[in-house]
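Below, chains carry the letters A, B, ... as their sequence lines are ordered, and counting in each starts from 1. Because the structure is a prediction, the values reported are computed rather than measured.
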Amino acid sequence: MPDILPVNRPPCGAGIEFNELFNWFAVAERDLPWRAADVTPWQIMVSEFMLQQTPVARVLPIWTDWVVRWPTPSATASATQADVLRAWGKLGYPRRAKRLHECATVIARDFADVVPDEVDVLEQLPGVGSYTARAVASFAYRKPVPVVDTNVRRVVARAVHGRADAGAPSARRDHADVEALLALLPTADRAARFSAALMELGAIVCTARAPRCGGCPLRNGCRWRLAGSPPATGQQRRPAQRYAGTDRQVRGRLLDVLRDNAVAVTRADLDVAWPVDAVQRERALASLLDDGLVEQLADGLFALPGQDRNDSTASR
DNA sequence: TAACCGTGGAT
DNA sequence: TATCCAAGGTT
């Protein structure tokens, strides 16, 4: 079960001053609603789905409404996919909404409406990968497991390894890095708070661009800073993914039309969303149908899955 | 491994 | 204006 540690792992705790980090976190911690004491594991899980590749500021209003409307897995499971996709709104990556709905269904059906507390079990749930499984186990159940996201990887890369940026993700290496740090904590019950503090530091101080090293609690021991803050080696940076004109944008436009219409729409209604390139539009629509984010009814009209085609509240 | 999957604010 | 980047997951 324990991972093999790399032989060139740095000395214990190098670059991380625990007391400084905890003291800083006690003062700097943002008052995020999913960190409140009365939030349930499911509601924490919902926040982790929404936060995947999405800034906190955009998640806040959606999560707040969501957990009031659907406070439990079974409540979420009994909603239609159409309602879930509409509540998701323009949060982005709508496949996450579908997977969250599926995840709720599995937990309600197979786990008596109780979110599992073991990483291995969590990772089998739809839409739950290595990060989300560990985040739920740690933040909801206080399990002393490493939680590694992009913030943690960046902080460790700088403070411990002295590099400007994290290298390519490697689950085994990344987990071993943080596991080694957790092992130095006085008691295992501080693991969750340690992970939250590392993530917070990466989010608001040790940022990807223009890190605020002057206000960093780790500035005295940070190996990157001690080395003179050398720039990234910048060897293999993939060309930035563009967005304008891609199938992703077209999918977004099509889904936007369907979210805004309470009744099923015609193909012509969809054509308006991306009028120029019919080939690309059809490809995007086919992929949405394939993903189960859109369905075509017997009469040929298109709608969000599970939507009542004759919804009397139609607003067109 | 790398491509793909949305969206919008910051720089 | 163009690029970066944000609590990743799946194939």
For this session: Specify the separation, in whole Å, of atom CG of A:L100 and atom P of C:dG8.
Result: 16 Å

Exercise. Is the shortest side-chain N to carboxylate O distance from A:R134 to A:E48 below 4.0 Å?
Worked result: no

Exercise. Nearest to the side chain of A:N151 - C:dA6, C:dG9, C:dA7?
Worked result: C:dA7

For this session: Scan A:R153 against the nucleic acid and name what it touches under 4.0 Å (heavy atoms): base, sugar-phosphate only, or nothing.
Result: nothing

Exercise. Base, sugar-phosphate alone, or nothing: which one does A:L91 contact when heavy atoms must sit under 4.0 Å apart?
Worked result: base

Exercise. Is it true that a side-chain atom of A:E282 and a backbone atom of A:A278 form a donor plus acceptor pair closer than 3.5 Å?
Worked result: no

Problem set entry | B:dG8 versus C:dG9 - spacing of their P atoms, nearest Å | 23 Å

Exercise. Which is true for A:S47 with a 4.0 Å heavy-atom rule: it touches a base, it touches only sugar-phosphate, or it touches nothing?
Worked result: nothing

Exercise. Any N or O donor-acceptor pair linking the side chain of A:T54 to the base of B:dG6 at under 3.5 Å?
Worked result: yes

Exercise. When you match A:P126 and A:M199 each to their closest nucleotide on DNA chain C, which lands nearer the 5' end?
Worked result: A:M199

Exercise. Between A:K90 and A:P169, which has a closest nucleotide on DNA chain B that is more 5'?
Worked result: A:P169

Problem set entry | Nucleotide nearest A:Y93 when distance is taken to its side chain, options C:dG8, C:dT10, B:dT7 | C:dG8

Exercise. Any idea which of C:dA7, B:dA10, C:dG8 is nearest the A:R209 side chain?
Worked result: B:dA10

For this session: Assign A:L254 to base, sugar-phosphate, or nothing according to its heavy-atom contacts below 4.0 angstrom with the strands shown.
Result: nothing

For this session: Specify the separation, in whole Å, of atom CD1 of A:I204 and atom P of C:dC5.
Result: 19 Å

For this session: In whole angstrom, give me the gap between the P atoms of B:dA3 and C:dC4.
Result: 15 Å

Seminar exercise, completed: Taken to the nearest whole Å, CG/A:L60 to C1'/B:dT7 is 16 Å

Exercise. Is A:Q53 near enough to C:dG8 that one of its side-chain N or O atoms lies under 4.0 angstrom from OP1 or OP2?
Worked result: yes

For this session: Test A:R283 against every option in A:D277, A:V250, A:D247 by the side-chain contact (heavy atoms from CB on, under 4.5 Å) rule and name the one that passes.
Result: A:D247

Exercise. How is A:G92 classified with respect to the nucleic acid when contacts are heavy atoms under 4.0 Å: base, sugar-phosphate, or nothing?
Worked result: base

Problem set entry | Nearest-angstrom distance, P atom, C:dA7 to B:dC4 | 23 Å

Exercise. Side chain of A:A208: nearest nucleotide among C:dC5, C:dG8, B:dC5?
Worked result: C:dC5

Problem set entry | Distance, rounded to the nearest Å, where A:D290 contributes CG and C:dT11 contributes C1' | 12 Å

For this session: Select one nucleotide: of C:dG8, C:dA7, B:dG6, the one nearest the side-chain heavy atoms of A:R251.
Result: B:dG6

Problem set entry | Minimum-distance nucleotide (side-chain atoms of A:R95 versus C:dA7, C:dG9, B:dG8) | C:dG9

For this session: Would you indicate what A:Y243 reaches in the nucleic acid, counting non-hydrogen atoms under 4.0 angstrom: base, sugar-phosphate, or nothing?
Result: base

Exercise. NA contact type, A:T150, heavy-atom cut-off 4.0 Å: base, sugar-phosphate, or nothing?
Worked result: sugar-phosphate

Seminar exercise, completed: Winner on side-chain proximity to A:R259, out of B:dT7, B:dG6, C:dA7, is B:dT7

Exercise. Does the distance from a Lys or Arg side-chain N to an Asp or Glu carboxylate O, for A:K90 and A:D256, drop under 4.0 Å?
Worked result: yes

For this session: Could you check how far CZ of A:R99 sits from C1' of B:dG6, rounded to whole Å?
Result: 13 Å

For this session: Indicate the ring-plane relationship of A:F18 and A:F194, choosing parallel, tilted or perpendicular according to the 30° and 60° boundaries.
Result: tilted

For this session: Could you tell me whether A:W88 contacts a base, only the sugar-phosphate backbone, or nothing, with contacts defined as non-hydrogen atoms closer than 4.0 Å?
Result: nothing

Exercise. Hey, does the side-chain of A:R248 have a donor or acceptor N/O within less than 3.5 Å of a partner on the base of B:dC4?
Worked result: no

For this session: Figure out the NZ/P separation between A:K98 and C:dG8, and round it to whole Å.
Result: 23 Å

Problem set entry | Length of the CD-P vector between A:Q280 and B:dC4, whole Å | 12 Å

For this session: Compute both the distance and the angle, then confirm whether A:R190 meets the cation-pi test with A:F22: under 6.0 Å from the six-membered ring centre, within 45 degrees of the axis.
Result: yes

Problem set entry | Nucleotide B:dC4, atom P - distance to CZ of A:R283 in whole Å | 11 Å

Problem set entry | Polar side-chain atom of A:R158 near backbone of A:C222 as donor-acceptor pair, under 3.5 Å | no

Exercise. The side chain of A:T132 lies closest to which of these nucleotides: C:dC5, C:dA7, C:dG8?
Worked result: C:dG8

